[in-house]
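Comments concern the structure below.
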Amino acid sequence: MISSKLQQGINDQITAELWSSQLYLQMSYYLKHQGWDGYSHWLRCHAEEERKHATMMADYMTDRGGMVKLQMIDVAPTGWGSVLEVYEHALSHEKMVSKMINTIVLHAIEEQDFATENFFRKFVDEQVEEEALFGGIVDKLRKAGDSGVFFLDAELATRK
Ligand code: MG
């Protein structure tokens, strides 16, 4: 059984994952509207990933006898500037998510809930990947000239 404090933390994390999904889907449609099909497609795929994270966490909590409580998802912003600004926002969002995951791991360790510690350590690793992924795109966009931005759009269109 998971403590009520950790259940609250995990429910908040599920909300954050679902909100991330909402944010990336909104970014995807924003970029589609601007004609950036590849960047849009990539973020749409990523929105699906975030939804999967939420259900993985909810399934874990259920397996441990905890109660999943889905909370209200805030509206995502709808306006950005350039493609770079969209991806910079996504990167800073991922950094915030990483901090939240770290806090859950810390609380799990404090409570000696090793199953929860173990489960969320996978997401600590996942966040390293996420930040590297978004950071890599931000980095390329910063270096890219106009043609580079088009080239990267074509490359990201191939994400499965
Ligand atoms: Mg996630």
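We count residues from 1, following the sequence as given. Counting starts at 1 for both ligands and their atoms, in listed order.
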Test: [X] and [Y] ion pair at under 4.0 Å:
{"X": "Lys143", "Y": "Asp139", "value": "yes"}
{"X": "Glu48", "Y": "Lys52", "value": "no"}
{"X": "Glu88", "Y": "Arg142", "value": "yes"}

Strictly under 2.8 Å, is any N, O or S atom of Glu50 next to the Mg ion (ligand 1)?
-> yes

Restricting to N, O or S atoms of Glu17, which is nearest to the Mg ion (ligand 1)?
-> OE1

Check all N, O or S atoms of His53 and name the one closest to the Mg ion (ligand 1).
-> ND1

Does the separation of the ring centres of Trp19 and His93 fall below 6.0 angstrom?
->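 For Trp19 and His93, the ring centres are under 6.0 Å apart.
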
